2 protein chains.
Amino acid sequence: MPVGLDEQEIKALDHLLNQRHRIRRGEHLHRAGLDFHSLYAVRSGFFKTYVLQEDGREQVTGFHMTGEVLGLDAISTDMHTCNAVALEDSEVCEIPFVKLEEIGRAIPSLMHHFHKIMSREIVHDRGMLLLGGMKAGERLATFLLNLSYRFAKRGYSPSDFNLRMTREEIGSYLGLKLETVSRALSRLQEDGLIDVNSKHIRLTDIGRLRRQTGNSFCE
Amino acid sequence: MPVGLDEQEIKALDHLLNQRHRIRRGEHLHRAGLDFHSLYAVRSGFFKTYVLQEDGREQVTGFHMTGEVLGLDAISTDMHTCNAVALEDSEVCEIPFVKLEEIGRAIPSLMHHFHKIMSREIVHDRGMLLLGGMKAGERLATFLLNLSYRFAKRGYSPSDFNLRMTREEIGSYLGLKLETVSRALSRLQEDGLIDVNSKHIRLTDIGRLRRQTGNSFCE
DNA sequence: GATCTATTTTGATTTAAATCAAAACAGAGT
DNA sequence: ACTCTGTTTTGATTTAAATCAAAATAGATC
């Protein structure tokens with residue numbers, strides 16, 4: 001991403017990005033309460049982040065795919081505030097945060113890029129507030145379009161993909177119960193906007209789906 | 001906040017923080033779509049950020065008080081993604097972002113501090129997701145406790161304050177209608193957890209109020 | 001202080017989603 | 001192929017919040 005590096009800088013960057021880890025489906029990348037040392041860039045696979053409420057309920061806070069960065073929330077307190085678990089076999093690149101700040105000082109464009117990543121996270125999270133005013137079907141449509149957008153950006157089909165998460169996890173993320181998620185999906189199918197086959201989704205009318213959301217962010 | 005600066009650095013910082021602006025109640029600090037150049041630190045007063053949906057509805061995305069930083073969302077696209085309006089006469093400090101990155105390179109602790117601020121924003125926004133699973137009364141309790149926490153941190157009473165926003169704005173932020181907000185407040189009063197006098201709020205039983213939220217973040 | 005407007009409260013009714021319950025289905029392991 | 005378990009769908013009922021409506025209150029302006 002940053003260009004025009006000298007040999008020294010390339011070596012530093014290389015070292016920064018050279019710690020790969022395989023995380024198998026079901027394994028945790030980090031847990032709430034643990035000391036923060038590194039960010040993790042998802043190289044491949046799919047993650048869910050969540051927090052455990054006092055009553056034991058699990059609240060899903062996000063889904064994360066290739067190219068996205070995990071752990072940004074932990075910078076503020078030097079402690080992870082959520083759990084991150086792989087929903088499929090995945091690979092991450094560990095980025096020690098102290099080193100990132102160090103190298104960022106030498107390579108301003110890298111630092112700036114990092115700031116954009118953090119900011120994008122804020123925009124995305126804030127966009128979730130828009131769900132507050134929406135009905136179940138609109139929330140689902142927004143969710144599917146957001147996934148579609150992110151898949152497309154990575155070169156996958158924007159209209160044909162498999163959900164890695166359960167209806168319950170979707171519901172938790174969107175503030176709905178799993179039965180409501182299921183019903184909303186069935187409804188969107190009846191209306192001819194999508195095809196649902198358990199975890200496999202086909203968006204058959206993206207234009208109408210987008211109108212369905214009332215408006216809103218598809219990122 | 002950062003310590004041990006030499007004269008050069010102090011001068012740079014001074015220049016960075018020297019652009020004050022008065023914003024009167026009702027005036028906008030920035031609007032969605034405008035080019036991004038500067039962050040704004042709230043020196044005094046109270047702001048609301050919001051986006052206008054296609055259907056004309058206003059969605060409130062946040063409330064911001066002294067010491068908080070506005071404009072972090074705009075870094076990602078070099079364009080403001082929301083509107084910021086003063087809910088009372090306010091003063092802000094303009095921080096040109098290019099300069100912040102420049103000076104941050106010279107003063108690592110300043111840069112690190114900035115990263116914590118951005119991260120804190122992510123934590124806060126993500127905490128809003130927890131509202132998804134809550135009932136109206138729980139959302140209101142969470143909201144009031146969060147305000148209380150922020151007032152306390154600034155040296156104001158944590159249990160006695162004036163709301164700067166309307167019931168409709170609270171509702172928009174929390175995903176409720178204004179009538180529901182009003183009813184939930186009345187209910188919390190009946191139950192002896194708070195005293196409501198239109199915009200003036202007194203938290204009479206913070207412990208019970210906290211239990212009321214089910215749990216969750218008061219920041 | 002009186003008037004006007006915006007905000008807030010409260011009530012009655014409707015609606016969407018949660019809850020309760022059961023059946024259908026899918027995937028993993030034997 | 002069969003069983004077990006976890007997931008998903010669908011239906012009936014209850015519940016919380018939205019909506020519709022009107023009165024009460026507060027603030028701003030003259």
Side-chain angles (χ1 to χ4, degrees), chain A residues 24-26 48 53 55 57-60 85 87-89 131-144 162-191 194-202 212-214, chain B residues 24-26 48 53 55 57-60 85 87-89 131-144 162-191 194-202 212-214:
Chain A
R24 269 191 302 243
R25 181 187 148 96
K48 165 183 86 168
Q53 319 246 66
D55 55 18
R57 262 193 346 104
E58 168 182 315
Q59 169 68 52
V60 174
V85 63
L87 294 185
E88 61 183 44
D89 290 355
L131 296 180
M134 294 184 190
K135 301 204 185 305
E138 298 171 335
R139 291 187 197 200
L140 251 300
T142 303
F143 175 71
L144 293 175
N162 283 298
L163 298 174
R164 268 73 169 187
M165 71 296 283
T166 67
R167 304 288 192 261
E168 186 165 23
E169 288 166 335
I170 296 174
S172 172
Y173 185 56
L174 298 179
L176 301 169
K177 292 295 169 189
L178 71 100
E179 297 95 326
T180 307
V181 172
S182 178
R183 272 186 254 267
L185 286 173
S186 301
R187 188 71 213 286
L188 289 173
Q189 178 164 243
E190 276 173 46
D191 295 348
I194 65 176
D195 267 4
V196 185
N197 278 93
S198 67
K199 289 248 191 322
H200 183 255
I201 304 281
R202 229 159 50 80
Q212 174 77 212
T213 66
Chain B
R24 268 191 304 243
R25 181 188 150 96
K48 164 183 86 167
Q53 319 247 65
D55 55 18
R57 260 192 347 104
E58 167 182 318
Q59 170 69 50
V60 175
V85 63
L87 294 185
E88 60 182 47
D89 291 354
L131 296 181
M134 294 185 190
K135 301 203 185 307
E138 298 171 335
R139 292 187 197 199
L140 250 301
T142 304
F143 175 71
L144 293 175
N162 282 298
L163 298 175
R164 268 74 170 188
M165 70 297 282
T166 66
R167 304 286 192 263
E168 185 164 25
E169 289 165 335
I170 296 173
S172 172
Y173 185 56
L174 298 179
L176 301 168
K177 292 296 169 188
L178 72 99
E179 296 95 326
T180 307
V181 172
S182 178
R183 272 186 255 267
L185 286 174
S186 300
R187 187 71 213 286
L188 289 173
Q189 179 163 242
E190 275 174 43
D191 294 349
I194 64 176
D195 267 4
V196 185
N197 278 92
S198 67
K199 288 251 192 320
H200 183 256
I201 304 281
R202 229 160 52 78
Q212 176 77 212
T213 67

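Nothing here was measured: the structure is a model prediction, and the numbers come from that model.
Rounded to 10 degrees, the angle separating the terminal helix axes of the helix from dG1(C)-dC30(D) to dT30(C)-dA1(D), each built from five base pairs, is 50°.
Ion pairing of Lys48(B) with Glu58(B) is present here, as a side-chain N (NZ or NE/NH1/NH2) and a carboxylate O approach within less than 4.0 Å. Using a 4.0 Å cut-off between a side-chain N of Lys or Arg and a carboxylate O of Asp or Glu, Arg25(B) and Glu88(B) do not qualify as a salt bridge.
Distances shorter than 4.0 Å separate some side-chain N or O of Ser186(A) from OP1 or OP2 on dT10(D). Close to dT8(C), at under 4.0 Å from its OP1 or OP2, lies a side-chain N or O of Lys199(B).
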Give me the distances for all protein-to-nucleotides 13-18 of chain D N/O pairs that come in under 3.5 Å?
from	atom 1	to	atom 2	distance (Å)
dA17(D)	OP1	Ala136(B)	N	2.5
dA18(D)	OP2	Lys177(B)	N	3.3
dA18(D)	OP2	Thr180(B)	OG1	2.3

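Using a distance-only test at 3.5 Å, with no hydrogens or angles considered, a donor-acceptor pair links the side chain of Thr142(A) to the main chain of Glu138(A).
dG6(D) atom P lies 13 Å from atom CZ of Arg25(A), rounded to whole Å. When the P atom of dT9(C) is taken as reference, atom CG of Asp195(B) falls 13 Å away, rounded to whole Å. In this structure, Glu190(B) places its CD atom 12 Å from P of dT9(C), rounding to the nearest Å. For the pair Leu178(B) CG and dA23(D) P, the computed distance is 18 Å after rounding to whole Å. Spacing between atom CZ of Arg167(B) and atom P of dG27(D) amounts to 11 Å, rounded to whole angstrom units. For Arg187(A) and dG11(D), the CZ to P distance is 13 Å, given to the nearest whole Å. Atom pair Leu87(A):CG and dT7(D):P shows a separation of 12 Å (rounding to whole Å applied). Separating the CD atom of Glu179(B) from the C1' atom of dA23(D) is a distance of 14 Å, rounded to the nearest angstrom.
Residues meeting the side chain to side chain donor-acceptor pair (under 3.5 Å) test with Arg202(B), sequence neighbours left out: Asp195(B).
The shortest side-chain heavy-atom distance between Leu140(A) and Leu176(A) falls under the 4.5 Å cut-off.
Across all non-hydrogen atoms, the minimal contact from Thr180(A) to Ala136(A) is CG2-CB, 3.7 Å. The minimum heavy-atom distance between Arg167(B) and Leu185(B), with the atom names listed, is NE-CD1, 3.4 Å. Residues Arg164(A) and Leu87(A) share a closest heavy-atom pair of O-CD1, 3.9 Å. Across all non-hydrogen atoms, the minimal contact from Thr213(B) to Ala141(B) is CG2-CB, 3.7 Å.
Nucleic acid contact class of Ser182(A) (heavy atoms, under 4.0 Å, all strands): base.
Distance from the side chain of Thr166(B) is smallest to dT7(C) among dT7(C), dA26(D), dT9(D).
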